[in-house]
Protein chains: 2
Amino acid sequence: MNKDVPDIVIARLPIYLRTLNLLLEDGKEITSSQELGSILGISPAQIRKDLSHFGEFGKQGTGYNIKYLISQLRKILHVDREWDMILIGAGALGHAMAHYPGFREQGFNIVAVFDNDPSKIGQEWSNLVVRDAKEMEQFVAEKGIRIAILAVPARAAQAVADRLVKAGIKAILNYAPTIIQVPEGVIVEHIDPIAHLQYMTYYLE
Amino acid sequence: MNKDVPDIVIARLPIYLRTLNLLLEDGKEITSSQELGSILGISPAQIRKDLSHFGEFGKQGTGYNIKYLISQLRKILHVDREWDMILIGAGALGHAMAHYPGFREQGFNIVAVFDNDPSKIGQEWSNLVVRDAKEMEQFVAEKGIRIAILAVPARAAQAVADRLVKAGIKAILNYAPTIIQVPEGVIVEHIDPIAHLQYMTYYLE
DNA sequence: TAGATTGTTAATCGATTAACAATC
DNA sequence: TAGATTGTTAATCGATTAACAATC
(Lines give C-alpha, C1' and ligand atoms only; values in the text may rest on other atoms or scores of the structure.)
Protein backbone atom coordinates (compact mmCIF):
# COMPACT_ATOMS: atom_id res chain seq x y z
CA MET A 1 0.00 0.00 0.00
CA ASN A 2 0.91 3.65 0.26
CA LYS A 3 3.35 2.83 3.06
CA ASP A 4 5.80 5.29 1.53
CA VAL A 5 3.66 8.36 2.16
CA PRO A 6 5.22 10.33 5.03
CA ASP A 7 3.27 10.35 8.31
CA ILE A 8 3.36 14.12 8.29
CA VAL A 9 1.43 14.16 5.02
CA ILE A 10 -1.20 11.81 6.44
CA ALA A 11 -1.54 14.07 9.46
CA ARG A 12 -2.44 17.00 7.20
CA LEU A 13 -5.17 15.18 5.28
CA PRO A 14 -7.75 15.44 8.09
CA ILE A 15 -7.08 19.17 8.21
CA TYR A 16 -7.70 19.46 4.48
CA LEU A 17 -10.84 17.40 4.88
CA ARG A 18 -12.17 19.63 7.64
CA THR A 19 -11.48 22.75 5.61
CA LEU A 20 -13.16 21.33 2.53
CA ASN A 21 -16.24 20.48 4.59
CA LEU A 22 -16.27 24.05 5.84
CA LEU A 23 -16.12 25.42 2.30
CA LEU A 24 -18.88 23.05 1.24
CA GLU A 25 -21.09 24.29 4.08
CA ASP A 26 -20.46 27.81 2.82
CA GLY A 27 -22.00 26.73 -0.46
CA LYS A 28 -18.80 26.59 -2.50
CA GLU A 29 -18.33 23.95 -5.18
CA ILE A 30 -14.79 24.54 -6.38
CA THR A 31 -11.61 25.47 -4.56
CA SER A 32 -7.90 25.71 -5.35
CA SER A 33 -4.63 24.91 -3.63
CA GLN A 34 -4.24 28.68 -3.37
CA GLU A 35 -7.50 29.12 -1.47
CA LEU A 36 -6.96 26.13 0.82
CA GLY A 37 -3.44 27.27 1.52
CA SER A 38 -4.42 30.76 2.50
CA ILE A 39 -7.08 29.46 4.89
CA LEU A 40 -4.66 27.04 6.50
CA GLY A 41 -1.46 29.02 6.33
CA ILE A 42 0.15 26.34 4.18
CA SER A 43 1.81 26.87 0.80
CA PRO A 44 -0.28 25.89 -2.25
CA ALA A 45 2.66 23.83 -3.51
CA GLN A 46 2.61 21.72 -0.38
CA ILE A 47 -1.08 20.99 -0.71
CA ARG A 48 -0.66 19.92 -4.34
CA LYS A 49 2.37 17.82 -3.43
CA ASP A 50 0.54 16.15 -0.56
CA LEU A 51 -2.44 15.25 -2.74
CA SER A 52 -0.19 14.03 -5.55
CA HIS A 53 0.89 11.11 -3.35
CA PHE A 54 -2.54 9.63 -3.87
CA GLY A 55 -3.57 10.59 -7.38
CA GLU A 56 -4.78 13.48 -9.49
CA PHE A 57 -7.85 15.14 -8.07
CA GLY A 58 -7.87 18.56 -9.72
CA LYS A 59 -8.33 20.19 -13.10
CA GLN A 60 -5.76 22.56 -14.56
CA GLY A 61 -7.08 26.05 -14.79
CA THR A 62 -10.02 25.27 -12.51
CA GLY A 63 -8.94 23.73 -9.24
CA TYR A 64 -10.62 21.04 -7.21
CA ASN A 65 -14.25 19.99 -7.10
CA ILE A 66 -14.87 20.12 -3.37
CA LYS A 67 -17.37 17.27 -3.13
CA TYR A 68 -15.17 15.01 -5.20
CA LEU A 69 -12.01 15.80 -3.23
CA ILE A 70 -13.87 15.22 0.03
CA SER A 71 -15.03 11.83 -1.17
CA GLN A 72 -11.51 10.90 -2.24
CA LEU A 73 -9.93 12.02 1.03
CA ARG A 74 -12.53 10.07 2.96
CA LYS A 75 -11.57 6.95 1.03
CA ILE A 76 -7.87 7.53 1.54
CA LEU A 77 -8.30 8.03 5.29
CA HIS A 78 -10.72 5.08 5.54
CA VAL A 79 -13.48 7.28 6.84
CA ASP A 80 -15.83 6.41 3.99
CA ARG A 81 -17.34 4.01 6.51
CA GLU A 82 -18.33 4.03 10.18
CA TRP A 83 -16.01 3.03 13.01
CA ASP A 84 -17.12 1.63 16.33
CA MET A 85 -15.11 2.68 19.36
CA ILE A 86 -15.16 1.95 23.05
CA LEU A 87 -14.55 4.51 25.74
CA ILE A 88 -12.75 3.56 28.92
CA GLY A 89 -13.22 5.85 31.89
CA ALA A 90 -16.54 7.26 33.04
CA GLY A 91 -15.21 10.38 34.77
CA ALA A 92 -15.97 13.96 33.81
CA LEU A 93 -13.96 13.73 30.61
CA GLY A 94 -15.49 10.41 29.61
CA HIS A 95 -18.90 11.89 30.28
CA ALA A 96 -18.21 14.87 28.02
CA MET A 97 -16.98 12.64 25.22
CA ALA A 98 -19.87 10.21 25.43
CA HIS A 99 -22.21 13.17 25.02
CA TYR A 100 -20.22 14.94 22.31
CA PRO A 101 -22.16 14.59 19.05
CA GLY A 102 -19.10 15.36 16.89
CA PHE A 103 -17.72 11.83 16.96
CA ARG A 104 -20.89 10.29 15.60
CA GLU A 105 -21.28 13.07 13.02
CA GLN A 106 -17.90 12.09 11.64
CA GLY A 107 -18.66 8.38 11.61
CA PHE A 108 -17.00 7.48 14.90
CA ASN A 109 -19.50 5.75 17.17
CA ILE A 110 -18.88 5.20 20.85
CA VAL A 111 -20.66 1.88 21.31
CA ALA A 112 -19.74 1.14 24.91
CA VAL A 113 -18.36 2.83 28.03
CA PHE A 114 -16.39 0.98 30.70
CA ASP A 115 -15.31 1.84 34.21
CA ASN A 116 -14.28 -0.15 37.27
CA ASP A 117 -15.96 2.11 39.82
CA PRO A 118 -19.07 0.30 41.17
CA SER A 119 -20.79 3.64 41.75
CA LYS A 120 -20.51 4.41 38.04
CA ILE A 121 -21.29 0.99 36.60
CA GLY A 122 -24.90 0.85 35.50
CA GLN A 123 -25.30 4.61 35.03
CA GLU A 124 -27.25 5.47 31.92
CA TRP A 125 -25.68 8.03 29.59
CA SER A 126 -28.10 8.92 26.82
CA ASN A 127 -28.15 5.69 24.80
CA LEU A 128 -25.24 4.07 26.66
CA VAL A 129 -24.90 2.19 29.93
CA VAL A 130 -21.63 2.29 31.84
CA ARG A 131 -20.33 -1.28 31.92
CA ASP A 132 -18.00 -3.10 34.26
CA ALA A 133 -14.42 -2.86 32.96
CA LYS A 134 -14.13 -6.60 33.51
CA GLU A 135 -16.31 -7.11 30.44
CA MET A 136 -14.02 -5.00 28.28
CA GLU A 137 -11.91 -7.73 26.70
CA GLN A 138 -14.87 -9.90 25.81
CA PHE A 139 -16.71 -6.97 24.27
CA VAL A 140 -13.74 -5.98 22.12
CA ALA A 141 -13.18 -9.51 20.92
CA GLU A 142 -16.83 -10.28 20.22
CA LYS A 143 -17.59 -7.06 18.38
CA GLY A 144 -14.22 -6.79 16.67
CA ILE A 145 -13.61 -3.28 17.99
CA ARG A 146 -10.31 -1.77 16.89
CA ILE A 147 -10.41 1.75 18.33
CA ALA A 148 -10.46 2.73 22.01
CA ILE A 149 -10.59 6.09 23.72
CA LEU A 150 -8.67 6.11 26.96
CA ALA A 151 -9.95 8.55 29.58
CA VAL A 152 -8.68 6.99 32.78
CA PRO A 153 -6.32 8.39 35.43
CA ALA A 154 -2.63 8.47 34.48
CA ARG A 155 -1.65 5.71 36.91
CA ALA A 156 -4.14 3.28 35.35
CA ALA A 157 -3.46 4.08 31.70
CA GLN A 158 -0.64 1.65 30.90
CA ALA A 159 -2.38 -1.33 32.51
CA VAL A 160 -5.62 -0.61 30.68
CA ALA A 161 -3.75 -0.10 27.41
CA ASP A 162 -2.04 -3.47 27.84
CA ARG A 163 -5.40 -5.16 28.32
CA LEU A 164 -6.89 -3.37 25.31
CA VAL A 165 -4.02 -4.38 23.05
CA LYS A 166 -4.24 -7.97 24.19
CA ALA A 167 -7.94 -7.96 23.42
CA GLY A 168 -7.32 -6.78 19.87
CA ILE A 169 -7.44 -2.97 19.94
CA LYS A 170 -5.24 -1.45 17.22
CA ALA A 171 -5.68 2.30 17.77
CA ILE A 172 -5.82 4.21 21.06
CA LEU A 173 -6.78 7.83 21.48
CA ASN A 174 -5.10 8.57 24.79
CA TYR A 175 -6.46 11.34 26.98
CA ALA A 176 -4.54 10.16 30.04
CA PRO A 177 -1.72 12.55 30.90
CA THR A 178 1.01 9.95 30.53
CA ILE A 179 3.04 8.20 27.87
CA ILE A 180 1.88 4.67 27.12
CA GLN A 181 3.95 1.98 25.46
CA VAL A 182 2.36 -0.29 22.88
CA PRO A 183 3.73 -3.01 20.61
CA GLU A 184 4.37 -2.57 16.90
CA GLY A 185 1.20 -2.51 14.87
CA VAL A 186 -0.75 -0.53 17.46
CA ILE A 187 -1.05 3.25 17.11
CA VAL A 188 -1.43 5.70 19.97
CA GLU A 189 -2.35 9.32 19.55
CA HIS A 190 -2.02 11.47 22.63
CA ILE A 191 -4.36 14.35 23.41
CA ASP A 192 -2.25 16.57 25.61
CA PRO A 193 -3.71 20.00 26.38
CA ILE A 194 -0.98 20.76 28.93
CA ALA A 195 1.69 20.26 26.25
CA HIS A 196 -0.15 22.71 23.98
CA LEU A 197 -0.39 25.25 26.78
CA GLN A 198 3.29 24.92 27.62
CA TYR A 199 4.15 25.31 23.95
CA MET A 200 2.19 28.55 23.86
CA THR A 201 3.60 30.00 27.08
CA TYR A 202 7.07 29.67 25.57
CA TYR A 203 6.05 32.39 23.14
CA LEU A 204 4.28 34.55 25.72
CA GLU A 205 5.96 37.53 27.37
CA MET B 1 15.46 36.05 22.46
CA ASN B 2 15.69 32.45 21.31
CA LYS B 3 13.55 33.28 18.28
CA ASP B 4 15.78 31.05 16.16
CA VAL B 5 14.84 27.82 17.92
CA PRO B 6 12.57 25.83 15.59
CA ASP B 7 8.93 25.50 16.66
CA ILE B 8 9.21 21.75 16.38
CA VAL B 9 11.90 21.75 19.05
CA ILE B 10 9.73 23.83 21.37
CA ALA B 11 6.88 21.40 20.82
CA ARG B 12 9.05 18.55 22.10
CA LEU B 13 10.10 20.27 25.31
CA PRO B 14 6.75 19.70 27.10
CA ILE B 15 7.07 16.01 26.23
CA TYR B 16 10.54 15.87 27.73
CA LEU B 17 9.24 17.69 30.78
CA ARG B 18 6.38 15.25 31.26
CA THR B 19 8.74 12.28 30.93
CA LEU B 20 11.20 13.74 33.40
CA ASN B 21 8.40 14.28 35.91
CA LEU B 22 7.43 10.64 35.44
CA LEU B 23 10.98 9.47 36.10
CA LEU B 24 11.17 11.71 39.16
CA GLU B 25 7.96 10.18 40.52
CA ASP B 26 9.58 6.78 40.06
CA GLY B 27 12.29 7.93 42.42
CA LYS B 28 15.04 8.36 39.84
CA GLU B 29 17.58 11.17 40.20
CA ILE B 30 19.64 10.89 37.03
CA THR B 31 18.73 10.07 33.46
CA SER B 32 20.42 10.12 30.05
CA SER B 33 19.51 11.06 26.51
CA GLN B 34 19.61 7.32 25.86
CA GLU B 35 16.99 6.57 28.51
CA LEU B 36 14.71 9.46 27.58
CA GLY B 37 14.98 8.53 23.94
CA SER B 38 14.02 4.93 24.47
CA ILE B 39 10.97 5.93 26.52
CA LEU B 40 9.84 8.42 23.89
CA GLY B 41 10.93 6.66 20.73
CA ILE B 42 13.23 9.55 19.87
CA SER B 43 16.94 9.33 19.07
CA PRO B 44 19.30 10.32 21.89
CA ALA B 45 21.10 12.63 19.48
CA GLN B 46 17.93 14.56 18.86
CA ILE B 47 17.30 15.07 22.55
CA ARG B 48 20.83 16.35 23.10
CA LYS B 49 20.57 18.60 20.06
CA ASP B 50 17.22 20.00 21.21
CA LEU B 51 18.54 20.80 24.66
CA SER B 52 21.73 22.31 23.26
CA HIS B 53 19.67 25.17 21.83
CA PHE B 54 19.23 26.45 25.37
CA GLY B 55 22.43 25.59 27.18
CA GLU B 56 24.38 22.74 28.73
CA PHE B 57 22.35 20.81 31.25
CA GLY B 58 24.19 17.49 31.51
CA LYS B 59 27.45 16.01 32.70
CA GLN B 60 29.65 13.89 30.46
CA GLY B 61 29.80 10.33 31.60
CA THR B 62 26.81 10.79 33.91
CA GLY B 63 23.81 12.24 32.14
CA TYR B 64 21.23 14.70 33.40
CA ASN B 65 20.16 15.50 36.94
CA ILE B 66 16.41 15.13 36.60
CA LYS B 67 15.37 17.80 39.09
CA TYR B 68 17.77 20.30 37.60
CA LEU B 69 16.70 19.63 34.03
CA ILE B 70 13.03 19.92 35.04
CA SER B 71 13.70 23.28 36.64
CA GLN B 72 15.53 24.50 33.55
CA LEU B 73 12.83 23.31 31.14
CA ARG B 74 10.20 24.99 33.28
CA LYS B 75 12.10 28.25 33.01
CA ILE B 76 12.54 27.91 29.25
CA LEU B 77 8.84 27.19 28.71
CA HIS B 78 7.81 29.95 31.16
CA VAL B 79 6.01 27.51 33.38
CA ASP B 80 8.14 28.35 36.41
CA ARG B 81 5.16 30.51 37.35
CA GLU B 82 1.36 30.25 37.38
CA TRP B 83 -0.85 31.27 34.49
CA ASP B 84 -4.44 32.42 34.81
CA MET B 85 -6.80 31.34 32.05
CA ILE B 86 -10.43 31.89 31.21
CA LEU B 87 -12.71 29.23 29.82
CA ILE B 88 -15.40 30.13 27.32
CA GLY B 89 -18.24 27.67 26.92
CA ALA B 90 -20.08 25.98 29.77
CA GLY B 91 -21.21 22.88 27.90
CA ALA B 92 -20.23 19.30 28.67
CA LEU B 93 -16.65 19.82 27.56
CA GLY B 94 -16.29 23.08 29.45
CA HIS B 95 -17.68 21.34 32.51
CA ALA B 96 -15.14 18.54 32.24
CA MET B 97 -12.26 20.98 31.87
CA ALA B 98 -13.36 23.20 34.73
CA HIS B 99 -13.33 20.12 36.95
CA TYR B 100 -10.10 18.64 35.62
CA PRO B 101 -7.44 19.02 38.33
CA GLY B 102 -4.56 18.56 35.86
CA PHE B 103 -4.51 22.17 34.70
CA ARG B 104 -4.08 23.58 38.18
CA GLU B 105 -1.52 20.90 39.06
CA GLN B 106 0.60 22.18 36.19
CA GLY B 107 0.20 25.82 37.13
CA PHE B 108 -2.64 26.67 34.74
CA ASN B 109 -5.56 28.11 36.68
CA ILE B 110 -9.00 28.51 35.20
CA VAL B 111 -10.11 31.67 36.98
CA ALA B 112 -13.42 32.29 35.21
CA VAL B 113 -15.98 30.54 33.01
CA PHE B 114 -18.19 32.38 30.54
CA ASP B 115 -21.26 31.42 28.56
CA ASN B 116 -24.12 33.30 26.91
CA ASP B 117 -26.83 30.79 27.77
CA PRO B 118 -29.04 32.32 30.53
CA SER B 119 -29.80 28.84 31.87
CA LYS B 120 -26.09 28.29 32.50
CA ILE B 121 -25.12 31.72 33.78
CA GLY B 122 -24.97 31.67 37.57
CA GLN B 123 -24.34 27.94 37.86
CA GLU B 124 -21.75 27.09 40.51
CA TRP B 125 -18.96 24.78 39.44
CA SER B 126 -16.80 23.85 42.42
CA ASN B 127 -15.08 27.18 43.12
CA LEU B 128 -16.28 28.89 39.94
CA VAL B 129 -19.48 30.62 38.89
CA VAL B 130 -20.51 30.65 35.24
CA ARG B 131 -20.51 34.28 34.15
CA ASP B 132 -22.29 36.15 31.40
CA ALA B 133 -20.16 36.22 28.25
CA LYS B 134 -20.85 39.94 28.04
CA GLU B 135 -18.46 40.45 30.95
CA MET B 136 -15.67 38.61 29.15
CA GLU B 137 -13.82 41.56 27.67
CA GLN B 138 -13.82 43.57 30.85
CA PHE B 139 -12.59 40.60 32.87
CA VAL B 140 -9.71 39.91 30.47
CA ALA B 141 -8.65 43.53 30.43
CA GLU B 142 -8.92 44.09 34.18
CA LYS B 143 -7.10 40.93 35.21
CA GLY B 144 -4.61 40.98 32.35
CA ILE B 145 -5.51 37.45 31.26
CA ARG B 146 -3.53 36.23 28.26
CA ILE B 147 -4.70 32.63 27.82
CA ALA B 148 -8.21 31.47 26.89
CA ILE B 149 -9.67 28.02 26.42
CA LEU B 150 -12.33 27.96 23.74
CA ALA B 151 -15.01 25.30 24.21
CA VAL B 152 -17.89 26.78 22.25
CA PRO B 153 -19.78 25.40 19.23
CA ALA B 154 -17.95 25.63 15.90
CA ARG B 155 -20.24 28.31 14.48
CA ALA B 156 -19.50 30.64 17.41
CA ALA B 157 -15.74 30.08 17.61
CA GLN B 158 -14.46 32.74 15.21
CA ALA B 159 -16.63 35.51 16.66
CA VAL B 160 -15.62 34.67 20.21
CA ALA B 161 -11.97 34.46 19.19
CA ASP B 162 -12.18 37.90 17.61
CA ARG B 163 -13.58 39.33 20.82
CA LEU B 164 -10.93 37.62 22.92
CA VAL B 165 -8.10 38.93 20.77
CA LYS B 166 -9.50 42.43 20.88
CA ALA B 167 -9.67 42.22 24.66
CA GLY B 168 -6.00 41.26 24.90
CA ILE B 169 -5.84 37.45 24.78
CA LYS B 170 -2.57 36.22 23.26
CA ALA B 171 -2.97 32.44 23.35
CA ILE B 172 -6.04 30.35 22.57
CA LEU B 173 -6.45 26.65 23.20
CA ASN B 174 -9.19 25.87 20.71
CA TYR B 175 -11.46 22.89 21.34
CA ALA B 176 -14.03 24.04 18.78
CA PRO B 177 -13.98 21.80 15.71
CA THR B 178 -13.13 24.60 13.31
CA ILE B 179 -10.18 26.62 12.11
CA ILE B 180 -9.96 30.08 13.58
CA GLN B 181 -8.02 33.00 12.13
CA VAL B 182 -6.07 35.27 14.44
CA PRO B 183 -3.74 38.20 13.82
CA GLU B 184 0.05 38.00 14.12
CA GLY B 185 1.23 37.83 17.68
CA VAL B 186 -1.63 35.60 18.81
CA ILE B 187 -1.11 31.83 19.01
CA VAL B 188 -3.80 29.21 18.51
CA GLU B 189 -3.39 25.56 19.34
CA HIS B 190 -6.14 23.29 18.13
CA ILE B 191 -7.28 20.22 20.05
CA ASP B 192 -8.74 18.03 17.35
CA PRO B 193 -9.62 14.48 18.37
CA ILE B 194 -11.35 13.78 15.06
CA ALA B 195 -8.15 14.58 13.19
CA HIS B 196 -6.25 12.14 15.41
CA LEU B 197 -8.85 9.44 14.81
CA GLN B 198 -8.75 9.97 11.06
CA TYR B 199 -4.97 9.84 11.12
CA MET B 200 -5.14 6.48 12.87
CA THR B 201 -7.81 4.96 10.63
CA TYR B 202 -5.52 5.61 7.66
CA TYR B 203 -3.24 2.95 9.12
CA LEU B 204 -6.01 0.55 10.07
CA GLU B 205 -6.90 -2.36 7.80
C1' DT C 1 -7.53 32.29 -27.47
C1' DA C 2 -6.01 34.13 -22.83
C1' DG C 3 -6.00 33.17 -18.13
C1' DA C 4 -5.69 30.11 -14.54
C1' DT C 5 -4.24 26.25 -11.99
C1' DT C 6 -2.77 21.65 -11.81
C1' DG C 7 0.87 17.92 -11.17
C1' DT C 8 5.68 17.30 -11.07
C1' DT C 9 10.61 18.10 -11.28
C1' DA C 10 14.57 20.07 -9.48
C1' DA C 11 16.47 23.18 -6.14
C1' DT C 12 16.43 24.70 -1.63
C1' DC C 13 15.90 24.54 2.89
C1' DG C 14 15.84 22.56 7.36
C1' DA C 15 15.80 18.74 10.51
C1' DT C 16 17.79 14.43 12.02
C1' DT C 17 21.53 11.46 12.79
C1' DA C 18 26.22 9.66 13.08
C1' DA C 19 30.43 10.27 14.92
C1' DC C 20 33.75 11.85 18.09
C1' DA C 21 36.57 14.93 21.00
C1' DA C 22 35.96 16.49 25.53
C1' DT C 23 35.47 15.28 30.06
C1' DC C 24 33.08 13.64 34.17
C1' DT D 1 42.40 4.78 34.83
C1' DA D 2 38.41 2.79 32.11
C1' DG D 3 33.77 3.50 30.98
C1' DA D 4 30.16 6.37 29.94
C1' DT D 5 27.79 10.20 28.13
C1' DT D 6 27.65 14.87 26.91
C1' DG D 7 27.68 18.80 23.44
C1' DT D 8 28.74 19.75 18.81
C1' DT D 9 30.20 19.31 14.05
C1' DA D 10 29.56 17.54 9.66
C1' DA D 11 27.02 14.40 6.80
C1' DT D 12 22.76 12.64 5.64
C1' DC D 13 18.23 12.52 5.04
C1' DG D 14 13.74 14.25 4.08
C1' DA D 15 10.41 17.87 3.54
C1' DT D 16 9.18 22.24 1.47
C1' DT D 17 9.15 25.41 -2.17
C1' DA D 18 9.89 27.50 -6.69
C1' DA D 19 9.18 27.06 -11.26
C1' DC D 20 7.04 25.54 -15.34
C1' DA D 21 5.14 22.49 -18.95
C1' DA D 22 0.70 20.66 -19.56
C1' DT D 23 -3.88 21.58 -20.14
C1' DC D 24 -8.55 22.83 -18.76
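Order of the sequence lines sets the chain letters (A, B, ...), proteins ahead of strands, with each chain counted from 1. Computed from heavy atoms alone, side chains included, the values below leave out hydrogens, waters and symmetry copies. In this text the structure is predicted, and so the values were computed from the model without any measurement.
Here the P atom of nucleotide D:dT8 and the CZ atom of B:F54 are 13 Å apart, to the nearest Å. Spacing between atom CD of B:Q46 and atom P of C:dT16 amounts to 4 Å, rounded to whole angstrom units. The distance between atom CD of B:E56 and atom P of D:dT9, rounded to the nearest whole Å, is 11 Å. At whole-Å resolution of the value, CZ in A:F57 and P in C:dT8 are 11 Å apart. Rounded to whole Å, atom C1' of C:dA11 lies 12 Å from atom NZ of A:K49. Between the P atom of D:dT6 and the OH atom of B:Y16 lies a distance of 13 Å, rounded to the nearest Å. The distance from atom CD of A:Q60 to atom C1' of C:dT5 is 7 Å, rounded to the nearest whole Å. In this entry the distance linking CG of B:D50 with C1' of C:dG14 reads 14 Å, nearest Å.
Closest to the side chain of A:S33, out of C:dT6, D:dT5, D:dA15, is C:dT6.
With the nearest nucleotide of DNA chain D identified for both A:R48 and A:V9, A:V9 has the one nearer the 5' end. Each of A:I42 and A:G61 lies near DNA chain D, and the nucleotide nearest A:I42 is the one positioned closer to the 5' end. Nearest-nucleotide positions on DNA chain C for B:I8 and A:P44 put A:P44 closer to the 5' end.
With a 3.5 Å ceiling on both atom-pair distances, the Watson-Crick or G-U wobble partner of D:dA21 is C:dT6. In this structure, C:dG14 forms a base pair with D:dC13, meeting either the Watson-Crick or the G-U wobble geometry with both donor-acceptor distances under 3.5 Å.
Contact annotation: B:T62 does not reach the phosphate of D:dT5 (side-chain N/O to OP1 or OP2, under 4.0 Å). Note on A:S43: a side-chain N or O is less than 4.0 Å away from OP1 or OP2 of D:dT17. Between B:Y64 and D:dA4 there is no side-chain polar atom (N or O) within less than 4.0 angstrom of OP1 or OP2.
There is no side-chain donor-acceptor pair under 3.5 Å between A:D192 and A:Y175. For the 3.5 Å distance criterion, the side chains of A:E82 and A:N109 qualify, holding a donor opposite an acceptor. Side-chain contact annotation: B:Q158 with B:D162, donor-acceptor N/O pair under 3.5 Å present. Side-chain polar atoms of A:Y203 and B:D7 form a donor-acceptor pair below 3.5 angstrom.
A salt bridge links B:R81 to A:E205: one of the charged nitrogens lies within less than 4.0 Å of a carboxylate oxygen.
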